[in-house]
Amino acid sequence: MEKEQYLSDFDFDLPEELIAQYPLAKRSSSRLLHVWGRSFEDLTFEDLPSLLHEGDLLVFNNTKVIKARLNGYKESGGAIEALLERITGTHTVITMMKASKSPKPGTAVYFEKPGVEGRAKAWVEGRTGEFYNLRFEQPVLEVLDTFGKVPLPPYITHAAAPSDEDRYQTVYAKEPGAVAAPTAGLHFTSELLQAIKAKGCEEVFVTLHVGAGTFQPVRVENLSQHVMHSEHYTIDSETASKINKAMKEGRRIVCVGTTSLRTVESAAALTQDGLMPVGSYETRLFIKPGYKFRVCDALITNFHLPKSTLIMLVSALAGKEEVFTAYRHAIQEKYRFFSYGDACFFERKEC
């Protein structure tokens, strides 16, 4: 019988001044905390190749952050703010929406941006739980490119600046659809990727479009009652083949970010032999201590929020006591936390 786990078990005190508000001037100059078992060492992200083995397969998430935050007004004139959760079609989205009074189905809404001519029109088609279904007059990606803003996380206190359009995006971003960056990837440069290849490592790309639900807090104390938000992911035939080959040959699978990890673990759970299937799927996988990993051997990730599902995921991989000891060290040494912060390299704890 699975042991009960509680939200309060994953809490820790984090000084507010350690929450990184801006990225460093150079992506790869972030610090890197290497954690294996009860041991850890302080490095910089440029040291990453020294932690990799020849033959390692790195799994990256090539999702691209869209300008998912929109401001505008209802036909009645009331102000609204929309944060897209997911693009569902050429002209349709599901979105969170703030308004003084909830717009009803059939209501027209308009979005504008200071300094930009014109406006975008959309209609409320209904609601699905806390989300609104909108249909735009123009193609969604055109609207976002013209009127949208980068959706920085809620713990970053400044408004999105033009520089964020570049820095809140990985250098290998390709497939538009995320409303939050896969932040472990923000540390990589083209030069570092070349150095990793020169080490004899291989790379593959999955796509998981990170939704706004990633910032929603866990609202239940008993974790067995928590339901993860749904996210969409895709694995192509080349990626599936390379991951399956590496697993059969006993080579390490190194996931770059929790989204890449959730993608490969979710996909492996779909097959009886634990190998990668090809296709597009939905996942609500909630990884917490006790989870049996099928694919991931090591994880590159940023530092995560107290009481978040991501600190639970990392604890499942590397051991809760080991992770919290490493976090205490990081706080003492003033590592920078969250999206624009520093990174960790966690090796999987063998049970």
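Everything quoted here is computed from the prediction, not taken from an experiment.
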Please answer whether the main-chain N or O of [Y] pairs with a side-chain N or O of [X] as donor and acceptor at a distance below 3.5 Å.
X	Y	answer
Thr146	Glu142	yes
Arg262	Ser266	no
Glu265	Arg294	yes
Lys288	Ala316	no
Tyr73	Glu112	no
Arg348	Cys296	yes
Lys174	Phe205	no
Arg284	Met228	yes
Thr271	Ala268	yes
Ser50	Asp47	yes

* Check the pair Glu203 / Tyr172 against side-chain hydrogen bond (donor to acceptor under 3.5 Å, both in side chains), numbers first and verdict last. => CA-CA 12 Å; Glu203 65 181 28; Tyr172 49 81; over 6 Å; no

Considering all heavy atoms of both residues, which atom of [X] and which atom of [Y] are nearest to each other, and what is their separation?
X	Y	value
Cys255	Val264	SG-CG2, 3.8 Å
Trp123	Gly106	CD1-O, 4.0 Å
Arg127	Ser102	NH1-OG, 3.8 Å

* So among Thr95, Val109, Thr107, Ile80, which one has a side chain to side chain contact (heavy atoms under 4.5 Å, CB included) with Tyr132? ->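 Option passing the side chain to side chain contact (heavy atoms under 4.5 Å, CB included) with Tyr132: Thr95.
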
* To do: Among Glu322, His329, Arg328, Glu321, find the one that has a side chain to side chain donor-acceptor pair (under 3.5 Å) with Thr325.
  =>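 Result for side chain to side chain donor-acceptor pair (under 3.5 Å) with Thr325: Arg328.
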
Are any non-hydrogen side-chain atoms of [X] and [Y] less than 4.5 angstrom apart?
X	Y	result
Ile87	Val93	yes
Cys201	Glu54	no
Ile156	Asp164	no
Gln216	His229	no
Leu7	Val220	no
Ile287	Leu261	yes
Leu43	Leu48	no
Ile253	Met247	yes

* Take Phe60 and Phe188, measure what ring-ring contact (aromatic ring centres under 6.0 Å, His included) needs, and give me the verdict at the end. => CA-CA 11 Å; Phe60 296 87; Phe188 286 85; 5.2 Å; yes

* Do you know which of Phe338, Tyr340, Tyr327, Phe324 makes ring-ring contact (aromatic ring centres under 6.0 Å, His included) with Phe303? ->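 Testing Phe303 for a ring-ring contact (aromatic ring centres under 6.0 Å, His included) against Phe338, Tyr340, Tyr327, Phe324 leaves exactly one candidate, Tyr327.
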
Looking only at side-chain N and O atoms, does [Y] offer a donor or acceptor that is under 3.5 Å from a partner on [X]?
X	Y	value
Asp11	Ser8	no
Tyr155	Ser339	yes
Ser241	Asn244	no
Thr63	Asn61	no

* Asked: Should the pair Glu202-Lys245 be classified as a salt bridge under the 4.0 Å nitrogen-to-oxygen rule?
  ->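 Result for this pair is no, no salt bridge flagged.
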
Could you check whether the rings of [X] and [Y] sit parallel, tilted or perpendicular, using 30° and 60° as the cut-offs?
X	Y	answer
Phe293	Tyr291	perpendicular
Phe12	Phe337	tilted
Tyr281	Tyr233	tilted

* To do: Might you work through the salt bridge (charged side-chain N to carboxylate O under 4.0 Å, His left out) test for Glu191 and Lys26, ending with a clear yes or no?
  => CA-CA 12 Å; Glu191 294 79 11; Lys26 184 180 179 183; over 6 Å; no

* To do: Assess whether side-chain hydrogen bond (donor to acceptor under 3.5 Å, both in side chains) is satisfied between His209 and Glu175, documenting all intermediate values.
  => CA-CA 8 Å; His209 292 315; Glu175 303 293 340; over 6 Å; no

[X] atom [atom1], neighbour heavy-atom count above 12 within 6.0 Å:
X	atom1	result
Glu282	CD	yes
Glu17	CD	yes
Lys320	NZ	yes
Asp273	CG	yes

[X]-[Y] co-clustered via ILVMFWY side chain contacts under 4.5 Å:
X	Y	answer
Ile300	Phe346	no
Phe286	Val314	yes
Val204	Val206	yes

* To do: Please assess His304 against Thr258 for the test side chain to side chain contact (heavy atoms under 4.5 Å, CB included), listing each intermediate value before the final yes or no.
  => CA-CA 10 Å; His304 301 296; Thr258 57; 3.9 Å; yes

* Yes or no on side chain to side chain contact (heavy atoms under 4.5 Å, CB included) for Leu186 and Arg27, after CA distance, side-chain angles and deciding distance? -> CA-CA 7 Å; Leu186 297 180; Arg27 290 176 182 265; 4.2 Å; yes

* Where do Leu51 and Glu41 land on the side chain to side chain contact (heavy atoms under 4.5 Å, CB included) test, with the steps shown first? -> CA-CA 11 Å; Leu51 303 181; Glu41 61 179 331; 4.1 Å; yes

* Under 6.0 Å from the six-membered ring centre of Phe147 and within 45° of its axis: does the NZ or CZ of Lys67 meet both? ->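 The answer is no, since Lys67 fails at least one limit relative to Phe147.
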
* **Interatomic spacing from NE2 in His34 to CG in Leu32 - rounded to 0.5 Å** =>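 Atom-to-atom, His34:NE2 and Leu32:CG are 8.0 Å apart.
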
* **Evaluation steps, side chain to side chain contact (heavy atoms under 4.5 Å, CB included), between Leu57 and Ile243** => CA-CA 7 Å; Leu57 177 64; Ile243 293 175; 3.8 Å; yes

